[in-house]
Amino acid sequence: MQGRAAASDLVQALDAAGMADPRPDVLILTRGGGSEEDLAVFNDPAVLQAVHDAEIPLISAVGHERDVTLTDLAADRRAATPTQAAEMAVPELAVWKKRIDSCEEQIGRAAETAL
């Protein structure tokens with residue numbers, strides 16, 4: 001994402017995501033690494049305002065581990081890499097299984113108490 005229209009394109013995309021039906025649970029703003037000039041759009045004031053105003057939780061993963069942009073600081077979460085952002089957005093199966101097992105135990109205890 002770079003070029004003259006990049007900032008307005010990003011703002012429009014973030015606005016559209018907020019109005020989507022069904023609405024996403026999380027947004028990931030990501031781009032692979034590049035020069036400072038390549039990543040400059042992620043420091044643009046209009047993009048920062050759109051990130052700040054996003055009603056959907058947003059993870060910024062712009063560049064690679066050593067790159068930091070202002071969207072990384074304005075977002076709800078920052079990931080060092082695009083892969084890490086995906087891992088943050090989707091918990092591991094083991095985490096879900098543990099939550100389900102805990103809920104099953106609580107339901108069982110509640111049913112025993114009610115009986």
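The structure displayed is predicted, hence computed values, not measured ones. Computed over heavy atoms, backbone and side chain alike; hydrogens, waters and symmetry mates excluded.
Taking both residues in full, the closest heavy atoms of Leu14 and Ala50 are given as CD1-CB, 3.7 Å, listed atom of the first, atom of the second, then distance. Taking all atoms of both residues into account, the shortest heavy-atom contact from Ala79 to Ile59 is CB-CG2, 4.0 Å. Here the shortest heavy-atom pairing between Ile56 and Gly18 reads CD1-CA, 3.8 Å. Here the closest non-hydrogen pair linking Asp76 and Leu58 is OD2-N, 2.8 Å. Between Ala85 and Ala61, the shortest heavy-atom contact is CB-CB, 3.7 Å.
Within the structure, side chain to side chain donor-acceptor pair (under 3.5 Å) contacts touching residues 88-102 (residues at least two apart or in different chains) are Lys97-Asp101. Identified under the side chain to side chain donor-acceptor pair (under 3.5 Å) test for residues 103-115, with sequence neighbours left out: none.
For the pair Asp72/Val62, a side-chain contact is recorded, criterion being any heavy-atom separation below 4.5 Å from C-beta on.
Val11 and Val41 fall within a single hydrophobic cluster, where Ile, Leu, Val, Met, Phe, Trp and Tyr side chains are chained together by heavy-atom contacts under 4.5 Å. By the criterion of side-chain heavy atoms lying less than 4.5 angstrom apart, applied directly or through intervening Ile, Leu, Val, Met, Phe, Trp or Tyr residues, Leu27 is grouped together with Leu29 in one hydrophobic cluster. Cluster membership for Val26 and Met88, using ILVMFWY side-chain heavy atoms within less than 4.5 angstrom, is shared.
Here Leu39 contributes atom CG and Asp44 contributes atom CG; the two are 13.0 Å apart, rounded to the nearest 0.5 Å.
Leu48 meets the side chain to side chain contact (heavy atoms under 4.5 Å, CB included) test with Leu70, Thr71, Ala74; sequence neighbours excluded. Legend: residues meeting side-chain hydrogen bond (donor to acceptor under 3.5 Å, both in side chains) with Asp25, ordered by chain and number and at least two apart, are absent. Contacts of Glu55 classified as salt bridge (Lys or Arg N to Asp or Glu O under 4.0 Å), with partners at least two apart in sequence or in another chain: Arg23. Under the rule for a side chain to side chain contact (heavy atoms under 4.5 Å, CB included), the partners of Gln49 that lie at least two apart in sequence or sit in another chain are His52, Asp53.
At most 12 heavy atoms of other shown residues, nucleotides or ligands fall within 6.0 angstrom of atom CZ in Arg77.
Looking at Asn43, its side chain never comes within 3.5 Å of a backbone N or O of Thr69 through a donor-acceptor pair.
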